[in-house]
Amino acid sequence: MTTQIRIFVLFGLLALQGVAQNKNFIDQPYLETTAKVDTLIKPDLIYLDILIREKDERNRISVEEMETKMIERLKSLGIDTEKQLTLSDVASNFKTYFLKRKDIMKDKAYELKVFDSQTAGLVIVELEAIGISNITLDRTEYSKMEELKLDLKSKAVKKAKIQADFLVKPLNQSITRAIHITDRTFPTYNRFDSELQEVVVTGYSRKSEQQYTPPTIEFKPIKVESEVSIKFVIE
């Protein structure tokens, strides 16, 4: 038998095998059911955008001075600025704009990561005290999202199995193995396009530089959904 004939026969056998498997799948009595589970989770990763801009005043405070003050204040809150504070600009450089021919104003943008709403509130208070109030809430996330997704998928599969059992029980039949499973998970983070002050921030008071009540910030919980569709063989 020539090489060409051998290849042709091999492809022919594989094609027949594929058709037989597909036919067996279609010919089997099966039940398809879809189940969805969801949960609300409190975010533990909060990203704040901070913009430092030189003041357009007679005694102008430079970006460098404000940056130094900001880092000192953040460190006083126990924030690791080397790990939690990053420059937002791709080139990690200054952005500039012109007011007059010899007057260049500079600004610098940062992203700060904190782990709870209380710390976010303290950041607002401390930075406001040194003249930095241009703070925006960018997004909130959950650090153990992948583990949570797997847990929800498992629960969705169990729910689909229970649904399938109830559906065939009145027919005096039962389901056996699963022959096809698909799953999907829905968006799992909150992104904001508004100023941080537009998020629910309830009152705080500053009695002195060392004594104050931090604001209470309510962050919208993250909704996580998982959905599975399963085909079960019926007997």
What pairs with Thr176 under side chain to side chain contact (heavy atoms under 4.5 Å, CB included), at least two apart in sequence or on another chain? Val233, Glu235
Strictly below 4.0 Å, N to O, side chains only: are Lys223 and Glu225 in salt-bridge contact? yes
Give the table of side-chain donor-acceptor pairs shorter than 3.5 Å for residues 74-87, with sequence neighbours excluded, one pair per line with atom names and distance.
unit_1	atom_1	unit_2	atom_2	d
Ser76	OG	Arg73	O	2.5
Asp80	OD1	Glu82	N	3.2
Gln84	OE1	Asp80	N	3.1
Gln84	NE2	Lys113	O	2.7

Sorted by chain and residue number, the side chain to side chain contact (heavy atoms under 4.5 Å, CB included) partners of Lys153 (sequence neighbours excluded) come out as Asp183, Thr185, Ser226
Can you tell me how far the CD atom of Glu141 sits from the OH atom of Tyr47, to the nearest 0.5 Å? 4.5 Å
Hey, could you give me the CD1/CG distance between Ile46 and Leu48, rounded to the nearest 0.5 Å? 7.0 Å
Are Ile179 and Ile230 linked, directly or through intermediate hydrophobic residues, by side-chain heavy-atom contacts shorter than 4.5 Å (ILVMFWY only)? no
Validation row: Phe219, Pro43 side chains within 4.5 angstrom (heavy atoms): yes
Inter-residue atom distance Ser88.OG - Tyr110.OH, 0.5 Å rounding: 9.5 Å
When rounded to the nearest 0.5 angstrom, what distance separates CD in Gln163 from OG1 in Thr33? 4.0 Å
Taking only residues two or more places apart in sequence, or in another chain, which ones meet Ser143 in a side chain to side chain contact (heavy atoms under 4.5 Å, CB included)? Asp44, Leu45
Should Glu65 and Ser62 be marked as a side-chain hydrogen bond (donor to acceptor under 3.5 Å, both in side chains) after you check the CA-CA gap, both sets of side-chain angles, and the distance that decides it? CA-CA 5 Å; Glu65 290 177 88; Ser62 69; 3.2 Å; yes
Ignoring hydrogens and geometry, is there a side-chain-to-backbone donor-acceptor pair from Thr119 to Phe115 under 3.5 Å? no
Check: residues 34-42 side-chain donor-acceptor pairs under 3.5 Å, at least two apart:
unit_1	atom_1	unit_2	atom_2	d
Thr34	OG1	Ser229	OG	2.8

Lys161: partners by side chain to side chain contact (heavy atoms under 4.5 Å, CB included), with sequence neighbours left out: Asp165, Ile175, Phe232
